[in-house]
Amino acid sequence: MQIKRQTVKSILEDDRTEYTTTVKGWVRTFRNNQFIALNDGSTVQPLQVVVDATKFGENTLKKITPGAAIGATGQIVPSAGRGQRVELIAEHLTIYGASDPSTYPLQPKRHSLEFLRSIAHLRIKTNTFGCVFRLRHAIAFGIHKFFNERGFFYMHTPIITGSDAEGAGEMFRVSTLSPSSPPKTASGEIDWSKDFFGKQTNLTVSGQLEAELGAMGLDRVYTFGPTFRAENSNTTRHLAEFWMIEPEIAFADIQDDMDLAEDLLKFILRYVLDNNKEDLMFLQNRLIQAEKSLPQHQRSEMELIEKLEFVLAEPFERITYTEAFNILRNSKPNKKKKFKYVLDQWGADLQSEHERYLVEKHFKRPVIITDYPASIKAFYMYLNDDGKTVRGMDILFPQLGEIVGGSERETRMDVLLKRMEEYNIPPEELHWYLDIRKYGSCPHAGFGLGFERLVQFITGMSNIRDVIPFPRYPGYAEF
RNA sequence: GCCUCCUUAGCUCAGUUGGUUAGAGCGCCGGACUGUUAAUCCGUAGGUCCAAGGUUCAAGUCCUUGAGGGGGCGCCA
């Protein structure tokens, strides 16, 4: 008789016992020739499958090894041992796929994250990465839920772009021309008009400009898609391929923009605390274990869940660049020249050491900095009446630095054209972007949220390469 | 791109001022085990000490170059 398969999660959440069911998953350990810890990905918790060795042949028992894919049918009963509430007494066992223990790289022990990164195709089977990727899903789902509940429309902006004026970084070229013998023009240069799209194209670095077009008709939209930066960035918080959320709201100013961003971040924290407590608990314990070997002053001040609840409960600090600059200029590390970059001139960009001082030492909470000097921000940000600051805002988080960057957009055609000229962006490149200032322009604002950085913050994973299944970064594009 | 640290068994690591045959835990392999929780117990095997060159009577250990990895910085999300 075929019995419908249940997930481990649904069995563990069910109060009933004394019923027959089927589970399928992967063996984590097989203890005492008797107890299988079975994980099926539905939860970090394993289901204990109890095997009576006398009922099954040696041929079957020998294949129950770490990593093997098996199915088990039997009674769910209250566990006779400690450590789990219920267990399954196996009546039938099916070996779907054996796993050669002499070569299987995952042992029932702690592996380094660096080693697991080198076997990214298998690390998904571990508890740590199971938790990370379940949380990654929950965060993505929560983001869609948040925007849907607020009447936003999910907008798909192009991944291949013919515009090279997005201004957010170095781009990857997309081309079907032969790299060794591309067609040439009469003057000997590569003839891009012969390329697939009839022009030079790249992978997008941002969907913002197209999202602005969307907001001018749909009122409130958001993008959630992959973005690509060909920057040679070697840090724990940069990827060459990452996912970004970019809402854009019409009839809104920078205050509305900040409110939206803070609401979104808090909604997501609430959502994962409500729905992924077990995964968070596991990652929290993992961090506590990892920090035991560190000296006291290097350990986290708060545990993972405590940190998430703290950020959820407290309002983000909102200050202008000028206020931040003054705090930093008068700060101890600045006066004692402990900063690598000592601040003295208004207009200087804040370095990560400054951002971390504000967030981790001075305010001890997320900080939103607004009204940056125009010279260090993008051309599309609304120029304030002072003529030297723009209505941009960055949200800074502990450890990560900038997690959100946004602004109220420049809507005045003359000002926008002047700013583009300063940035050497030819107006004809962005004629469509300028058109929305010509036809029914209105105040609007938006921001970009780095998805992986949010996943990093919530999971506590220190390296961004460990919160995306198959990371891409300079020199690395495996799997 | 810059700075810095690291690379020893399948994994995680130890290896003293350069000195005999390079060690441990886990894993693997063989055996025991019907209430285990990274199970436990007994036994065996397992090494191009990242690579090349150099210094030295002698190099895992010192020097040079290269490769790979970690962390920090810059760029940003």
Side-chain angles (χ1 to χ4, degrees), chain A residues 28-37 45-56 61-62 65-67 77 79-84 87 89 100-119 126-127 166-170 205-208 226-246 261 289 293 298 339-341 349-356 376-378 394-397 399-406 447-457 462-468 473-476:
Chain A
R28 284 292 162 76
T29 63
F30 185 29
R31 288 185 290 268
N32 210 12
N33 216 14
Q34 191 184 5
F35 302 104
I36 300 169
Q45 303 296 338
L47 179 70
Q48 176 152 288
V49 175
V50 184
V51 175
D52 182 343
T54 62
K55 281 173 70 177
F56 300 95
L61 293 174
K62 279 189 98 164
T65 62
V77 300
S79 178
R82 293 157 193 259
Q84 56 281 315
E87 60 194 15
I89 309 297
D100 180 356
S102 66
T103 56
Y104 186 57
L106 297 173
Q107 303 167 20
K109 60 168 274 191
R110 178 171 299 276
H111 291 288
S112 68
L113 294 173
E114 291 79 23
F115 170 69
L116 292 172
R117 203 174 300 146
S118 74
I119 50 165
T126 64
N127 284 334
E166 292 170 10
E170 288 297 310
V205 294
S206 163
Q208 180 200 311
T227 46
F228 308 87
R229 306 264 168 102
E231 303 283 352
N232 191 12
S233 296
N234 294 289
T235 80
T236 54
R237 46 186 197 283
H238 288 85
L239 291 167
E241 176 180 298
F242 66 100
W243 290 65
M244 191 154 60
I245 298 99
E246 294 175 293
Q289 290 301 319
S293 59
Q298 284 180 25
F339 283 143
K340 192 176 164 199
Y341 298 88
D349 206 352
L350 304 182
Q351 307 297 319
S352 12
E353 59 183 347
H354 306 132
E355 297 179 347
R356 293 189 67 158
I376 59 171
K377 287 293 179 186
D394 284 357
I395 302 186
L396 310 179
F397 264 37
Q399 251 110 47
L400 301 172
E402 188 178 346
I403 194 168
V404 165
F447 62 83
L449 165 64
F451 182 59
E452 281 77 15
R453 288 193 183 170
L454 180 58
V455 179
Q456 252 189 299
F457 181 74
S462 54
N463 194 317
I464 200 167
R465 296 167 186 178
D466 294 329
V467 298
I468 188 167
Y473 47 91
Y476 191 86

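Computed from a predicted model, the values in this text were never measured in an experiment.
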Closest listed nucleotide, where the reference is the side chain of [X] and the choices are [options]:
X        : options             : result
A/Lys109 : B/C75, B/U12, B/A77 : B/U12
A/Ser102 : B/C29, B/C76, B/G35 : B/C29
A/Asp349 : B/A77, B/A39, B/C75 : B/C75
A/Gln48  : B/G35, B/G74, B/G25 : B/G35
A/Thr29  : B/C26, B/C75, B/A39 : B/A39
A/Asn32  : B/A39, B/A38, B/A77 : B/A39

OP1 or OP2 of [N] under 4.0 Å from side-chain N/O of [X]:
X        : N     : result
A/Asn33  : B/U34 : no
A/Ser352 : B/G74 : yes
A/Arg31  : B/U36 : no
A/Thr236 : B/G70 : no

Spacing of the [atom1] atoms in [M] and [N] (rounded, Å):
N     : M     : atom1 : answer
B/G15 : B/A24 : P     : 15 Å
B/C41 : B/C26 : C1'   : 15 Å
B/C28 : B/U12 : C1'   : 16 Å
B/A45 : B/C3  : C1'   : 44 Å
B/G68 : B/G27 : P     : 34 Å
B/C63 : B/C5  : P     : 11 Å
B/C11 : B/G47 : P     : 13 Å
B/C13 : B/C49 : C1'   : 13 Å

To the nearest Å, give me how far apart [atom1] ([X]) and [atom2] ([N]) are.
X        : N     : atom1 : atom2 : value
A/Phe30  : B/U34 : CZ    : C1'   : 11 Å
A/Arg237 : B/C75 : CZ    : P     : 10 Å
A/Glu170 : B/G74 : CD    : C1'   : 14 Å
A/Arg465 : B/G71 : CZ    : P     : 7 Å
A/Phe228 : B/C76 : CZ    : C1'   : 16 Å
A/Asn232 : B/C2  : CG    : P     : 9 Å
A/Ile245 : B/A77 : CD1   : C1'   : 10 Å
A/Arg117 : B/U12 : CZ    : P     : 12 Å

Using a 3.5 Å cut-off on both pairing distances, which stems of three or more Watson-Crick or G-U pairs include RNA chain B? B:1-7 with B:67-73, B:10-13 with B:23-26, B:29-32 with B:40-43, B:50-54 with B:62-66
Tell me what [X] touches on the nucleic acid: a base, only sugar-phosphate, or nothing, going by heavy atoms under 4.0 Å.
X        : value
A/Gln456 : nothing
A/Ser79  : base
A/Glu353 : nothing
A/Phe397 : nothing
A/Asn234 : base
A/Thr235 : base
A/His238 : base
A/Leu239 : base
A/Ser233 : base
A/Glu452 : nothing
A/Val404 : sugar-phosphate
A/Gln34  : base
A/Thr54  : base
A/Glu114 : sugar-phosphate

Quick check: does any side chain N or O of [X] sit under 3.5 Å from a backbone N or O of [Y], one acting as donor and the other as acceptor?
X        : Y        : result
A/Thr29  : A/Arg31  : no
A/Arg453 : A/Glu402 : yes
A/Glu353 : A/Tyr341 : yes

Using the test ring-ring contact (aromatic ring centres under 6.0 Å, His included), find all partners of A/Phe242 that sit at least two apart in sequence or belong to another chain. none
Heavy-atom distance under 4.5 Å between the side chains of [X] and [Y], does that happen here?
X        : Y        : value
A/Val49  : A/Glu87  : no
A/Ile464 : A/Thr236 : no
A/Arg237 : A/Gln399 : no

Short N-O contact, A/Lys377 and A/Asp394, less than 4.0 angstrom: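 A salt bridge links A/Lys377 with A/Asp394.
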Measure the acute angle between the ring planes of A/Phe115 and A/His111, then classify it against the limits of 30° and 60° as parallel, tilted or perpendicular. tilted
With nearest nucleotide decided by heavy atoms, which residue, A/Phe35 or A/Tyr104, maps closer to the 5′ end of RNA chain B? A/Tyr104
Nearest heavy atom decides the nucleotide; on that basis, is A/Tyr473 or A/Gly405 closer to the 5' end of RNA chain B?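 Result of the comparison: A/Tyr473.
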Identify whether a stacking contact exists between A/Phe242 and B/A77, where the ring centres must be under 5.5 Å apart and the planes under 30° apart.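 Stacked: ring centres under 5.5 Å, planes under 30°.
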For the CG atom of A/Leu396 and the CG atom of A/Leu350, what is their distance to the nearest 0.5 Å? 8.0 Å
Between A/Phe339 and A/His354, is the ring centre distance below 6.0 Å? yes
Does the base of B/G10 carry an N or O that pairs as donor and acceptor with the side chain of A/Gln107 under 3.5 Å? yes
